[in-house]
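Just so we're on the same page: letters track the sequence lines, and every chain starts at 1.
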Protein chains: 2
Amino acid sequence: MVTIKDISKECGVSPATVSKALNGYDEISPETVELVKRTASKLNYMPNAAARLLKTNRSHNIGVLFVDDTMSGLTHEFFSLILNSVKEEAEANGYDITFISNNIGRQKMSFLQHCKYRNCDGVVIASVDFQNPEVLELVRSDVPVVTIDYSFDNLSSIVSDNQEGSYRLASYLAEQGHRRIAFIHGERTLVTQKRIRGFNRAMQEYGIKTPPEYLVEARYHNADSVRKATAALLDLEEPPTAIMFPDDFSFIGGQTEILERGLSIPDDISVCGYDGINLSKILNPQLTTWYQNADKIGKESVRKLVEAIEGTSVAEQIMVSGEFLSGNSVRKWESK
Amino acid sequence: MVTIKDISKECGVSPATVSKALNGYDEISPETVELVKRTASKLNYMPNAAARLLKTNRSHNIGVLFVDDTMSGLTHEFFSLILNSVKEEAEANGYDITFISNNIGRQKMSFLQHCKYRNCDGVVIASVDFQNPEVLELVRSDVPVVTIDYSFDNLSSIVSDNQEGSYRLASYLAEQGHRRIAFIHGERTLVTQKRIRGFNRAMQEYGIKTPPEYLVEARYHNADSVRKATAALLDLEEPPTAIMFPDDFSFIGGQTEILERGLSIPDDISVCGYDGINLSKILNPQLTTWYQNADKIGKESVRKLVEAIEGTSVAEQIMVSGEFLSGNSVRKWESK
DNA sequence: TTAATTTACTAAAACGTTTTCGTCAATAGA
DNA sequence: TCTATTGACGAAAACGTTTTAGTAAATTAA
């Protein structure tokens with residue numbers, strides 16, 4: 001391993017000078033800087049992140065806390081997209097990312113402990129149970145934190161405009177003439193509440209009375225659970241003519257149920273999803289859905305986090321807007 | 001930050017003793033060990049990974065090198081599954097994972113340099129271009145490496161049984177009476193070659209002559225490209241009665257083409273995928289496919305890597321077997 | 001000319017561990 | 001009883017950086 005000392009010997013200057021030359025201090029003469037940099041690259045020098053961290057207390061590492069137990073974290077396309085975007089933006093800023101978990105080796109440690117252990121400069125939190133005591137401990141600690149789709153006081157957060165999304169989808173269905181619109185929503189998180197609010201607002205604006213049976217809970221990203229919810233809706237005496245699904249992926253569960261009953265989309269029943277992931281575009285029929293800008297969500301959260309780490313950033317709640325994606329899964333409904 | 005010194009003061013012993021007590025050296029009396037451990041947890045002590053690394057040269061960090069440019073790395077369900085499994089097995093062994101990239105901050109650095117910078121104890125490589133000079137540099141370096149689905153001499157590798165997979169799928173189609181079987185395969189990587197070999201072997205065993213047009217190249221995980229390949233097959237004078245697709249996800253592209261031509265699966269045409277990801281199970285009709293044990297692939301690669309890091313492991317090529325997943329996408333074909 | 005400032009550099013401490021080599025007492029062996 | 005061994009611990013160096021507080025020479029100011 002080639003160290004600063006090797007360079008200092010090769011150049012005939014002190015290690016301190018090498019360090020300063022490499023880090024752009026202005027008290028080193030241009031010729032020395034030049035010499036040091038050249039020999040550094042000649043020797044293929046790489047600074048040792050650990051040694052640097054030990055002195056500076058900056059690891060250039062940001063922690064990522066995504067889903068704990070539900071397991072669908074890395075395989076959930078929407079979150080994969082966010083993760084990917086977080087990774088890229090972090091790297092662009094000179095940071096690596098570390099997954100924060102709470103069982104490393106045989107030793108149980110809390111999320112916060114894991115962060116301290118790895119000296120994370122900050123953490124991006126998404127898709128976890130925000131009531132979890134360990135998450136709260138982390139949030140309230142001195143580690144800079146940015147949350148996605150959930151907001152704490154005094155902390156920056158990036159939220160997708162969930163209310164707008166479901167509002168627009170529901171409005172669209174109403175505009176197409178549907179009056180019996182059901183909404184299969186996910187578990188009752190904050191995100192879900194926003195979406196329900198958006199749905200309700202649309203219903204109200206179009207003067208549509210929605211029977212309570214039309215609002216049914218299922219599990220995000222879970223085709224089975226959504227299939228059952230769909231079945232329940234289709235079994236109603238007055239089944240809906242349009243269904244809004246919790247997300248694009250789980251919609252496929254509903255689709256299965258619909259097709260197996262000999263119904264067709266969109267002739268017999270109109271549907272829309274949520275997320276606007278790749279999958280939604282290649283399904284047949286192409287799914288009408290709401291695109292969430294995962295890329296922007298990821299980038300913005302890293303941007304805010306780096307601000308929080310490096311400077312004095314003021315806590316801010318950033319709303320990332322989405323986009324209506326029209327497919328072929330909704331048809332005009334003629335009122336009788 | 002609470003350090004070993006704090007504990008040593010609290011206990012009235014030297015830092016050396018604390019370190020030894022905490023790390024289970026046998027030269028410390030049981031009472032002292034007990035005392036040290038108790039005060040450590042009382043003070044909520046966490047060792048500083050960087051300081052430890054500096055002395056021991058072990059970061060307890062393993063690098064993960066997945067896809068560079070193609071971008072479909074984290075959003076590719078199959079690789080997500082491997083990544084997830086790698087992460088879990090790593091954590092179970094006391095390691096964190098770090099994504100290896102070659103542009104961190106504004107500074108361009110090679111994969112190897114990134115590994116050195118972060119002091120990765122070892123690296124798992126998958127789904128990259130194994131001819132890439134930077135990848136080769138890493139592979140040939142002194143950093144322990146395990147590769148997935150590609151083998152180098154003197155290095156451990158974990159490979160999925162690709163030949164067997166496509167052999168079994170093709171055989172199944174033949175057994176169902178199909179004689180015009182096409183294979184849309186991915187880019188010509190080693191994996192693809194194995195799959196083609198498996199396919200050919202089955203054709204040979206069943207005495208089926210496959211015209212060259214029946215073997216067509218498309219891009220993995222790319223619905224568009226696969227759709228075009230499908231169109232080409234259906235445009236043939238003698239179109240196939242069964243098509244094997246490169247993977248479950250991209251099959252959807254083919255499905256779109258098939259449905260748009262008014263054909264139905266499996267009545268008019270039989271299909272099968274590859275991977276056996278979640279998606280394949282919820283599609284309608286359920287896809288006949290080959291399940292690759294991503295979980296095992298991930299776990300085994302970490303197991304071998306940890307062996308390579310910690311002890312003297314002998315380089316070994318581990319074959320992970322898959323499983324035939326029968327769906328409803330193939331029908332018996334009556335020969336005329 | 002002398003004093004003050006600037007320029008370009010260095011010595012050395014520090015970050016939090018681990019580990020080698022002692023040391024000193026207590027115990028065992030002869 | 002005297003020596004050899006064992007047990008339990010500590011001092012201090014080391015890992016590779018960064019950074020503070022210098023210092024000596026060169027330059028400028030008075």
Roughly how many Å is it from [atom1] in [X] to [atom2] in [N], rounded to a whole number?
X	N	atom1	atom2	value
A/Lys9	C/dT10	NZ	P	14 Å
A/Lys20	D/dT17	NZ	C1'	13 Å
B/Asn23	C/dT19	CG	P	8 Å
A/Arg118	C/dT17	CZ	P	14 Å

Could you check whether [Y] and [X], counting side-chain N and O atoms only, form a donor-acceptor pair closer than 3.5 Å?
X	Y	value
A/Gln292	A/Ser160	yes
A/Asp161	A/Ser321	no
B/Asn44	A/Gln113	yes
A/Ser59	A/Asp121	yes

Inset, instruction - Would you confirm whether the ring centroid of B/Phe99 sits within less than 6.0 angstrom of the ring centroid of A/Phe99? - result: yes
Legend entry - Residues within residues 26-38 of chain B bordering DNA chain D, heavy-atom distance below 4.0 Å: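 B/Glu27, B/Ile28, B/Ser29, B/Thr32 - these, ordered by number, are the residues of the stretch whose heavy atoms sit under 4.0 Å from the strand.
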Is there a side-chain polar atom (N or O) of [X] under 4.0 Å from OP1 or OP2 of [N]?
X	N	value
A/Ser19	D/dT18	yes
B/Thr56	C/dT18	no
B/Tyr25	C/dT18	no

Inset, instruction - Could you tell me whether A/Arg140 atom CZ has more than 12 heavy atoms of other residues or ligands within 6.0 Å of it? - result: no
Legend entry - Angle of first-five versus last-five pair axes in the helix from C/dT1-D/dA30 to C/dA30-D/dT1, to 10 degrees: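 Terminal axis comparison yields 50°.
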Inset, instruction - Examine distances only and state if a side-chain atom of B/Ser301 and a backbone atom of B/Ile158 form a donor-acceptor pair shorter than 3.5 Å. - result: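 Looks like no, no N/O pair under 3.5 Å.
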If you restrict it to nitrogen or oxygen atoms, what contacts under 3.5 Å exist between nucleotides 12-16 of chain C and the protein, and what is each distance?
| residue | atom | partner | partner atom | Å |
| --- | --- | --- | --- | --- |
| C/dA14 | N3 | A/Lys55 | NZ | 3.1 |
| C/dG16 | N2 | B/Ala51 | O | 3.3 |

Inset, instruction - Only counting residues at least two apart or in another chain, list the ones meeting side-chain hydrogen bond (donor to acceptor under 3.5 Å, both in side chains) with A/Ser156. - result: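 Counting only residues at least two positions away or on another chain, A/Ser156 forms no side-chain hydrogen bond (donor to acceptor under 3.5 Å, both in side chains).
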Inset, instruction - Can you sort out the partners of A/Asn93 under side chain to side chain contact (heavy atoms under 4.5 Å, CB included), two or more places apart, ordered by chain and number? - result: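 Scan of A/Asn93 (side chain to side chain contact (heavy atoms under 4.5 Å, CB included), adjacent residues dropped) gives A/Glu89, A/Tyr95, A/Val302, A/Val306.
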Legend entry - Residues that A/Thr32 engages under side chain to side chain contact (heavy atoms under 4.5 Å, CB included), provided they are two or more places apart: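 Residues passing side chain to side chain contact (heavy atoms under 4.5 Å, CB included) with A/Thr32: A/Val13, A/Thr17, A/Ile28, A/Ser29, A/Val36.
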Legend entry - Student check: side-chain heavy atoms of A/Leu81 and A/Asp295 closer than 4.5 Å: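 Of all side-chain heavy-atom pairs linking A/Asp295 with A/Leu81, none is under 4.5 Å.
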